[in-house]
Q: 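Okay, handing you the structure first.
None of the values given here were measured: they were computed from a predicted structure.
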Amino acid sequence: MNDLIIYSEEEIFKGLAQAFLNEFESDCTLSCEIVTADEEEIRRLNRELRSVDSVTDVLSFPSLDGIFGKKLLKKEFTADCDEDGNLFIGSIAICVKRAEEQAREYGHSVQRELCYLAVHGICHLLGYDHIDDADRAVMREKEEKILNRLGIVR
């Protein structure tokens, strides 16, 4: 099973789950949440949870550790299931104002930037990272693959 459910009030994130089809292995449906935040809220979260007192574009809060490249088995994470019985992999907060600024800076649409930030965040929830160059290359390849599936190309 390779299903993902994204809980979000934002319509723009509704199609993302389908784009992650077959991009992870699990024996159950995974779920995550995406919320949008203003600059004050994202700064507060960044300060309180990461000890970084600044506005950022996206924050990811994975529920599971050490899962990169592993098949996710529900029986190994019974305490991490949501109220519907899906394996909850974490939460993502996106600062819309920062996304708008970055879209202008990079010369693409706000839709592309918001979707990129959401995909980036979901990749983090699935264990991807970009600390070193090799990991960064793997994560960027996955992000571009997902964005291409969404029809969002550079």
Q: For atom CD of Q18, is the number of surrounding heavy atoms from other residues, nucleotides or ligands below 6.0 Å larger than 12?
A: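 Counting other residues, nucleotides and ligands, CD of Q18 stays at 12 neighbours or fewer.
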Q: More than 12 heavy atoms of other residues, nucleotides or ligands under 6.0 Å from CD of Q111: is that the case?
A: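 Check fails, neighbour count at 12 or below.
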Q: Kindly indicate, with the supporting measurements, whether the criterion side chain to side chain contact (heavy atoms under 4.5 Å, CB included) is fulfilled by D3 and F20.
A: CA-CA 8 Å; D3 292 333; F20 275 88; over 6 Å; no
Q: Applying the side chain to side chain contact (heavy atoms under 4.5 Å, CB included) test to E10, which of I34, T36, I94 qualifies?
A: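 So the option named by the test is T36.
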Q: For the aromatic rings, using the six-membered ring if either is Trp, is the centroid distance between Y116 and H120 under 6.0 Å?
A: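 Yes, the ring of Y116 comes within the 6.0 Å limit of the ring of H120, centre to centre.
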Q: Cluster question for you: counting only ILVMFWY and a side-chain heavy-atom cut-off of under 4.5 Å, with indirect links fine, are L126 and F77 together?
A: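 Linked, L126 and F77 end up in one cluster.
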Q: Taking atom CD of Q102 and atom SG of C95, what is their separation to the nearest 0.5 Å?
A: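 Between Q102 CD and C95 SG, I get 9.0 Å after rounding to 0.5 Å.
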Q: Give me the atom names and distance for the closest heavy-atom approach of R112 to L147.
A: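 Nearest heavy atoms, R112 then L147: NH2-CD1, 3.9 Å.
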Q: Are L45 and V35 joined in one hydrophobic group, where the rule is that I, L, V, M, F, W and Y side chains link up if heavy atoms are under 4.5 Å apart?
A: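 No; tracing contacts between hydrophobic side chains, which count when under 4.5 Å, never links both residues.
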Q: With a 4.0 Å cut-off on N to O distance, would you call R149 and E143 a salt bridge?
A: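 No.
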Q: What's the shortest heavy-atom distance between A37 and I42, and which atoms?
A: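 Closest pair (atom of A37, atom of I42, distance): CB-N, 4.2 Å.
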Q: Group every Ile, Leu, Val, Met, Phe, Trp and Tyr by side-chain heavy-atom contacts under 4.5 Å, then state whether V58 and V55 land in the same group.
A: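 Cluster IDs for V58 and V55 differ.
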Q: Hydrophobic cluster mates of I5, side-chain heavy atoms under 4.5 angstrom, ILVMFWY only, any path?
A: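 Y7, all in the cluster of I5.
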Q: First locate atom CZ of R104, then atom CD of E101, and finally report the distance between them rounded to the nearest 0.5 Å.
A: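 Rounded to the nearest 0.5 Å, the CZ-CD separation comes to 6.0 Å.
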Q: Just grab all the salt bridge (Lys or Arg N to Asp or Glu O under 4.0 Å) pairs involving residues 67-93, residues at least two apart or on different chains.
A: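 Non-adjacent pairs meeting salt bridge (Lys or Arg N to Asp or Glu O under 4.0 Å): zero.
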Q: Please round to the nearest 0.5 Å and tell me the distance separating atom CZ of F88 and atom SG of C81.
A: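 Answer for the CZ-SG pair, F88 versus C81, is 11.5 Å.
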Q: Rounded to the nearest 0.5 Å, what's the gap from CD1 on I6 to CG on L16? Could you check?
A: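 Here the rounded value is 4.5 Å.
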Q: Which atoms form the tightest heavy-atom contact between S60 and G121, and what is the distance?
A: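 Residues S60 and G121, closest heavy atoms: OG-CA, 3.2 Å.
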Q: Counting only heavy atoms not in E100, do more than 12 sit closer than 6.0 Å to its CD atom?
A: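 More than 12 within 6.0 Å, yes.
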Q: Quick one: CG on L72 to OG1 on T29, what's the gap to the nearest 0.5 Å?
A: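 Here the rounded value is 12.0 Å.
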Q: Look at E23 together with K142 and state whether they make a salt bridge at an N to O cut-off of under 4.0 Å.
A: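 Salt bridge: yes.
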Q: Between CE of M139 and CZ of F68, what distance do you get to the nearest 0.5 Å?
A: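 Output value for this atom pair is 10.0 Å.
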Q: Once salt bridge (Lys or Arg N to Asp or Glu O under 4.0 Å) is applied, what residue pairs with a partner in residues 46-63 remain, sequence neighbours excluded?
A: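 Pairs touching residues 46-63 that pass the test: R43-D53, R44-E48, R47-D53.
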Q: For D135, give me all partners under side chain to side chain contact (heavy atoms under 4.5 Å, CB included), at least two apart in sequence or on another chain.
A: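 If we apply the side chain to side chain contact (heavy atoms under 4.5 Å, CB included) test to D135, skipping adjacent residues, the hits are D132.
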Q: Could you list who else is in Y106's hydrophobic cluster, with ILVMFWY side chains joined at under 4.5 Å, directly or through other members?
A: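 Cluster partners of Y106: none, it stands alone.
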Q: Which heavy-atom pair separates A118 from I92 by the least distance, and what is that distance?
A: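 Smallest heavy-atom distance, with atoms named: O-CD1, 3.9 Å.
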Q: L73: which other cluster members, linking ILVMFWY side chains closer than 4.5 Å, directly or transitively?
A: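 The other cluster members (ILVMFWY side chains, heavy atoms under 4.5 Å, direct or chained): none.
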Q: Might you point out which heavy atoms bring L87 and C28 nearest each other, and give the distance in Å?
A: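 L87 and C28 have their closest heavy atoms at CB-SG, 3.7 Å.
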Q: For a side chain to side chain contact (heavy atoms under 4.5 Å, CB included) check, start with the C-alpha distance between L21 and L4, then their side-chain angles and the critical distance, and finish with the verdict.
A: CA-CA 8 Å; L21 191 64; L4 174 65; over 6 Å; no
Q: Tell me the closest heavy-atom pair linking L114 and F13, and the distance in Å.
A: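 Nearest pair, atom of L114 first, then F13: O-CE2, 3.6 Å.
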Q: Kindly indicate, with the supporting measurements, whether the criterion side chain to side chain contact (heavy atoms under 4.5 Å, CB included) is fulfilled by S63 and I89.
A: CA-CA 5 Å; S63 296; I89 60 172; 5.5 Å; no
